[in-house]
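Below is one structure, written out as structure tokens; comments come after it.
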Amino acid sequence: MNLLPQSQRIRVGAVRAVLAGVAAIAGSYAAAGFTTGFVGAPLEAMLSRAAPASLVTFAIVVLGDIGQKLNLLAAITLAVLLIACLSAAALATGWRQRSGLVSVTVALGLTWAAVTLLTGEPVLALAAAVPASAVLALTGPGVPPSEVDATARRRVLTAIAGVAGFSVLSYVVGGNRGGDDTSDRPLGLTAAQHQEIETMLAEAEAKSLPVSGLEPLVSTSFYEVDIAAVNPNTAPENWTLSLTGAVSEDATFTYDDIRALPVEQRFITLRCVGDSLNGTKMDNALWTGTPLAPLLDEVITDSGCECAMLRAGDGYYVQFPIAALRRGFLAYGMNGRPLPRSHGAPVRVLIPGHWGEINVKWLTEIEFLDEAVDGYWEERGWHGTGPVNIVAKLWVETQNDDGTVTVAGHAYAGLMDVSAVEVNTGDGWQEATLSEPLPGEDVWRQWSYTYEHPGSQHRVRVRAITGDGTVQANEELPAFPNGPSGWVSRTVQ
Ligand SMILES: Nc1nc2c(c(=O)[nH]1)N[C@H]1C(S)=C(S)[C@@H](COP(=O)(O)O)O[C@H]1N2
Ligand SMILES: [Mo]
């Protein structure tokens with residue numbers, strides 16, 4: 001027999017274990033797609049929950065969406081290492097018994113058990129366990145490393161190519177699963193309700209300022225902020241909303257119960273407290289749903305703090321005064337389509353005038369509390385439960401052929417609606433043109449301002465003013481912890 005040197009034999013064993021890990025993760029993704037059944041999902045959620053508050057804040061404010069991708073990458077690496085360790089243990093067990101069958105069976109069992117524990121999906125877990133044990137079966141008999149010969153090395157090299165091919169295939173197959181697929185279902189409204197939506201969307205289009213490059217009054221792409229990289233994928237028939245805690249008797253509503261309540265269409269703008277001053281985590285949509293207050297009236301509450309914790313399918317939680325909650329809205333539709341998974345399908349809550357974080361997606365429970373407790377972001381030092389800051393964004397700058405400059409953007413002030421936007425190009429504040437207001441108490445407006453180019457580089461500043469005469473604060477503050485503040489400005493060449 002042509003034996004390999006000791007160091008290479010150990011290396012062959014390690015490579016087999018890592019290959020089993022990679023195959024398991026690829027198989028899991030192929031079967032589950034980007035859903036909570038994917039083994040990377042619970043690990044990613046664990047990592048972000050365990051991350052220190054300062055790191056979470058840094059990731060949001062500095063890294064933005066890259067932070068979440070890095071976290072997912074870390075979770076996937078961790079998942080590969082976890083299955084690799086289990087596979088190494090399986091190999092060692094098999095070596096001791098001098099049986100390849102034992103290695104393969106132990107790897108199958110351990111991987112299946114670990115993935116089932118993590119995801120809670122025993123059937124999908126097979127898609128991780130089978131490829132892991134198959135890699136061990138195909139890469140070598142159960143002889144101890146002291147007896148591994150050169151053919152084992154060749155088999156491992158072939159397996160590397162095989163697992164790489166399997167991973168690419170899984171990436172493609174998994175990518176077609178569990179996407180934002182709610183949007184191909186019908187929203188299930190009456191013809192008259194659909195007509196109302198069409199009319200309102202047409203109104204928003206007609207009222208949008210004709211400035212090229214300026215996002216219309218209904219956002220074409222709505223920002224997303226999630227605590228987990230993988231969103232819950234709950235079918236409406238499996239969804240319920242429970243009212244619990246300090247109530248005389250718990251109440252539970254099904255999706256059909258919610259759909260049987262009066263239907264309303266509302267324009268509502270959201271902005272994230274972690275947005276940057278002139279950032280784009282601010283958007284507007286037309287939402288279909290039902291007011292929250294009649295549901296809250298279904299239970300008799302005895303909450304010491306007059307407050308409740310809203311909980312969601314992704315483990316998110318926000319604490320909020322009941323009085324403010326009563327103004328809320330439960331949405332299951334967005335711009336005439338079913339609420340997309342990424343925005344909280346099947347049902348999310350929308351609370352007028354407050355930072356985005358209160359607008360809990362994948363809502364599952366409203367727990368009435370006796371004492372106020374911090375929510376997810378408060379535990380990490382944010383103060384996002386308050387009303388939004390006033391802001392005018394400068395999103396578009398166009399140098400026109402006739403020597404004028406057009407600047408434009410969106411302004412938002414929550415419940416204190418925007419009544420004016422002013423622009424200062426160097427000689428005092430001038431009033432900008434505002435888009436006609438859309439119906440609703442919590443909706444942004446667009447502004448635009450065209451002026452003669454002064455012939456040299458200059459600074460343009462912009463600020464919003466609300467109906468009660470409040471001027472947007474000039475003091476510049478970062479997003480953490482109260483939301484960004486200050487006047488947006490930009491240098492025009
Ligand atoms: N369940 C749940 N709800 C959530 C979040 C979340 O991570 N999980 N993020 C919140 C934050 S911080 C914001 S800004 C808004 C964003 O809503 P959007 O993703 O639909 O734009 O949802 C809020 N609701
Ligand atoms: Mo947010």
Side-chain angles (χ1 to χ4, degrees), residues 36 41 44-45 48-49 51 53 56-57 59-61 64-65 67-68 71-72 180 182-183 215 218-234 239 241 268-276 279-289 309-320 325 328-335 337-367 375-389 391 412 414 442 444 479-484:
T36 46
E44 192 273 345
S48 68
R49 251 191 297 267
V56 175
T57 301
I60 291 169
V61 177
D65 298 337
Q68 199 151 50
N71 194 38
L72 183 64
D180 239 355
T182 52
S183 51
E215 186 170 42
V218 167
S219 301
T220 42
S221 150
F222 204 104
Y223 82 92
E224 258 175 65
V225 175
D226 306 309
I227 58 163
V230 180
N231 297 329
N233 196 11
T234 312
W239 177 88
L241 170 63
I268 299 175
T269 301
L270 296 189
R271 184 184 182 201
C272 184
V273 69
D275 188 22
S276 51
T280 53
K281 288 193 171 107
M282 177 170 112
D283 279 298
N284 183 55
L286 178 62
W287 309 86
T288 302
M309 186 73 90
L310 275 55
R311 297 184 192 280
D314 60 343
Y316 186 73
Y317 47 96
V318 165
Q319 188 253 116
F320 210 58
L325 211 55
F329 189 65
L330 287 182
Y332 44 78
M334 187 178 184
N335 301 331
R337 311 290 329 168
L339 188 66
R341 182 175 154 216
S342 55
H343 293 293
V347 179
R348 82 176 299 169
V349 74
L350 294 167
I351 308 284
H354 291 264
W355 291 108
E357 70 165 77
I358 301 302
N359 301 270
V360 177
K361 306 192 270 189
W362 314 288
L363 181 72
T364 55
E365 185 186 351
I366 299 176
E367 181 193 354
Y376 182 91
W377 292 115
E378 282 62 50
E379 283 178 349
R380 287 157 180 80
W382 293 82
H383 294 279
T385 52
V388 294
N389 294 345
V391 72
Y412 176 55
D442 183 27
W444 68 6
F480 185 81
N482 293 306

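Side chains are part of it too, since the values below use all heavy atoms of this structure and drop only hydrogens, waters and symmetry mates. Along the sequence shown, the residues carry numbers beginning at 1. Just so you know, ligand 1 is whichever comes first in the structure, and atom 1 is the first atom listed for that ligand.
For the ligand labelled ligand 1, residue Y376 lies outside the 4.0 Å heavy-atom shell.
Residue-ligand proximity, D226 to ligand 1, at heavy-atom distances under 4.0 Å covers atoms 7 (O). Counting atoms of ligand 1 from 1 in the listed order, those under 4.0 Å from a heavy atom of F222 are 21 (O). Short contacts between ligand 1 and V360, defined as distances under 4.0 Å to a heavy atom of the residue, involve ligand atoms 3 (N), 24 (N). Annotation for ligand 1: atoms under 4.0 Å from non-hydrogen atoms of W362 are 1 (N), 2 (C), 8 (N).
Scanning the protein for heavy atoms near atom 8 (N) of ligand 1, the closest one is D314 OD2, 2.7 Å. Summary of contacts: the protein heavy atom closest to atom 3 (N) of ligand 1 is K361 N, 2.9 Å. Of the protein's non-hydrogen atoms, the one nearest atom 2 (C) of ligand 1 is Y316 CD2, 3.3 Å. Given atom 21 (O) of ligand 1, the protein heavy atom at minimum distance is Y223 O, 2.7 Å. Closest protein heavy atom to atom 11 (C) of ligand 1: E357 CA, 3.6 Å. Here the heavy atom of the protein found nearest to atom 17 (O) of ligand 1 is R348 NH2, 3.1 Å. Nearest protein neighbour of atom 9 (N) of ligand 1, counting heavy atoms only, is V225 O, 3.1 Å. Protein heavy atom in closest approach to atom 7 (O) of ligand 1: I227 N, 2.8 Å.
Residue contacts with ligand 1, taken as heavy atom pairs separated by less than 4.0 Å, involve C272 via backbone and side-chain atoms alike. Of all the heavy atoms of W377, the ones lying under 4.0 Å from any atom of ligand 1 belong exclusively to the side chain.
In terms of N/O distances under 3.5 Å, ligand 1 is not approached by R271. Looking at ligand 1, you won't find any N or O of L270 less than 3.5 Å from one of its N or O atoms. By the 3.5 Å distance cut-off applied to N or O atoms, A312 is not counted among the residues near ligand 1. The shortest N or O to N or O distance between N359 and ligand 1 is under 3.5 Å.
Panel note: side chain Y376, backbone I227; no donor-acceptor pair is recorded below 3.5 Å. Judged purely by atom type and a 3.5 angstrom limit, R380 has no side-chain atom pairing as donor or acceptor with the backbone of T57. The main-chain N or O of R311 is found under 3.5 Å from a side-chain atom of T364 such that the two form a donor-acceptor pair. Side-chain atoms of T269 never come within 3.5 Å of backbone atoms of N284 as a donor-acceptor pair (strictly under, hydrogens ignored).
Applying the salt bridge (Lys or Arg N to Asp or Glu O under 4.0 Å) criterion to D275, with sequence neighbours excluded, gives R271, K393. For P352, the side chain to side chain contact (heavy atoms under 4.5 Å, CB included) test picks out R327, L415, E441, D442, with sequence neighbours left out.
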Derivation and outcome, side-chain contact (heavy atoms from CB on, under 4.5 Å), residues V349 and I366
CA-CA 11 Å; V349 74; I366 299 176; over 6 Å; no
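Annotation for M309 and Y317: closest pair SD-CB, 3.9 Å, computed over non-hydrogen atoms. Between E215 and T220, the shortest heavy-atom distance links the atoms OE2-N, 3.4 Å. Taking each heavy atom of D314 and W362 in turn, the nearest pair found is OD2-CZ3, 3.3 Å. Contact between Y223 and C272 at its shortest, heavy atoms only, is OH-N, 3.3 Å.
With respect to K361 and D226, a salt bridge is recorded, a charged nitrogen being found less than 4.0 Å from a carboxylate O.
Here the shortest heavy-atom distance to atom 13 (C) of ligand 1, taken over G315, G356, A228, belongs to G356.
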